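Taking it in order: structure first as structure tokens, then the write-up.
As the structure is a computational prediction, the values presented were derived from the model and not from experiment.
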Amino acid sequence: MKYDVATAISVGQRDYQEDAVIADFNIGNPFGFAVLADGMGGHAAGDVASKIVVTEVFSELKLQMGDVEALERDVDDVLRSAAQGANDCIDAHVSQNPDLRGMGATLVAPILFESRLHWISIGDSPLFHYRKGTLKQLNDDHSLAPQIDLMVKTGQLDEETAMNHPDRNSLTSVVMGRRIPLIDCPTEPTILQKDDLVVVASDGLQFLTDKEIALVLKKHQKKTSADIAEALIKAVHSLKHPDQDNISMVVIKIK
């Protein structure tokens, strides 16, 4: 199993960047991982929070990669421990800088062993799996959006009201130095196949609908991961949405 991996990042229509992303897939190795965080708390705070989360989780996973068999055996515990370490680091930083209280970040970190995909996710940054024309979000959305969408299905809200609801992007779980209410870290991996695509992103990508994302992936699926990432960024920019959030992503193509 081989991987073709690319990262991409854009500030969108914002004046500052609150996303942070990194990927570690060495050529020839049948394993690797990525870490992405979407910061919150304003210009300085969100930027710092996302960098703390990515740095702490990356460092822990990189350290554990010294023994890949042990890492896969204990991957759930390692991922949870890495997330808690990042949470503790933010707590310590806020304690020393009280003016940054309230800062935090989402976290999504997929880790692949051959065809086996594990992940940890906190917040609303999506982890997508694309196979033969079908796009599926693998991780849970820790925001109020799913509850608001359920109100549409049950007739309590109309679709336009739901899409523009002021609480739609309110997070129900986040890494911010406090107890983490919700952690998505399945014990069983998702099994990948040749030509599958895995897309890790901040929610800035979701200015595109799932259908629009799937169409871009279908059109470019035979191209490189870098080309696919570029096409997704261009598709978001083409919307010319005045409130476009930061966009960051990792595209992993299974070869």
Side-chain angles (χ1 to χ4, degrees), residues 5-21 23 34 36-43 46-47 50 105-108 110 121 123-153 157-171 174 197-253:
V5 183
T7 62
I9 194 163
S10 169
V11 73
Q13 293 297 321
R14 301 296 171 86
D15 295 326
Y16 48 89
Q17 179 62 258
E18 290 186 297
D19 291 355
V21 61
L36 183 147
D38 182 353
M40 51 173 275
H43 188 344
D47 173 60
S50 64
T106 68
L107 166 66
V108 57
S121 176
D124 65 348
S125 297
L127 172 64
F128 290 115
H129 175 222
Y130 178 84
R131 176 183 293 165
K132 297 178 180 178
T134 300
L135 183 74
K136 179 181 180 182
Q137 182 169 338
L138 296 177
N139 59 339
D140 294 335
D141 183 347
H142 297 153
S143 75
L144 292 180
Q147 298 176 37
I148 293 171
D149 290 341
L150 180 61
M151 294 174 72
V152 174
K153 292 182 179 179
L157 281 178
D158 62 79
E159 191 168 340
E160 183 177 354
T161 300
M163 291 304 297
N164 296 292
H165 198 288
D167 295 330
R168 184 172 185 84
N169 295 320
S170 296
L171 296 177
V174 69
L197 295 172
V198 175
V199 179
V200 191
S202 61
D203 68 342
L205 178 62
Q206 293 179 300
F207 276 67
L208 296 172
T209 65
D210 284 5
K211 183 178 181 179
E212 289 169 333
I213 294 171
L215 286 173
V216 173
L217 297 180
K218 182 177 182 180
K219 181 178 180 180
H220 298 275
Q221 61 184 330
K222 293 184 178 181
K223 297 183 179 180
T224 67
S225 59
D227 290 335
I228 294 168
E230 182 181 5
L232 287 169
I233 293 287
K234 285 184 176 179
V236 176
H237 287 169
S238 71
L239 299 174
K240 297 182 179 179
H241 197 293
D243 298 320
Q244 176 62 55
D245 197 359
N246 300 153
I247 317 155
S248 60
M249 71 181 73
V250 182
V251 176
I252 305 167
K253 185 175 184 178

CA sep, side-chain torsions, deciding dist, call: F128, L217, side chain to side chain contact (heavy atoms under 4.5 Å, CB included): CA-CA 11 Å; F128 290 115; L217 297 180; 5.9 Å; no
Minimal heavy-atom distance between D140 and S121, with the atoms involved, is O-OG, 4.3 Å
In terms of heavy-atom contacts, E18 and D47 come closest through CG-N, 4.1 Å
For residues K223 and K253, report the shortest heavy-atom separation together with the two atoms involved. O-NZ, 2.6 Å
Spacing of I247 atom CD1 and L232 atom CG [to the nearest 0.5 Å]: 9.5 Å
Heavy atoms of A231 and V216 approach each other most closely as CB-CG1, 3.8 Å
Under the side-chain contact (heavy atoms from CB on, under 4.5 Å) rule, collect the residues that match up with Q221, sequence neighbours excluded. Y130, L197, K218
Would you say the side chain of Q206 lies within less than 4.5 Å of the side chain of Q137, judging by non-hydrogen atoms? yes
Pair D19-S202, side-chain donor/acceptor within less than 3.5 Å: yes
Which atom names give the shortest non-hydrogen contact between A105 and A37, and what distance separates them? CB-CB, 4.1 Å
Compare all side-chain heavy atoms of P110 with those of L127 and state whether any distance is below 4.5 angstrom. yes
How long is the gap from CD on E230 to CD1 on I233, to the nearest 0.5 Å? 9.5 Å
With sequence neighbours left out, what residues match D245 under salt bridge (charged side-chain N to carboxylate O under 4.0 Å, His left out)? R14
Those residues that, when tested against F207, pass ring pair (Phe, Tyr, Trp, His ring centres under 6.0 Å) (two or more places apart): H241
Spacing of CG belonging to D38 relative to OG belonging to S125, to within rounding of 0.5 Å: 5.0 Å
Quick one: does V199's side chain get under 4.5 Å of L205's, heavy atoms only? yes
Tell me, do L138 and H129 make a side-chain contact under 4.5 Å, heavy atoms counted? yes
Which atom of S10 lies closest to which atom of H237, heavy atoms considered: OG-NE2, 2.9 Å
Euclidean distance, I252 CD1 relative to I228 CD1, rounded to 0.5 Å: 11.5 Å
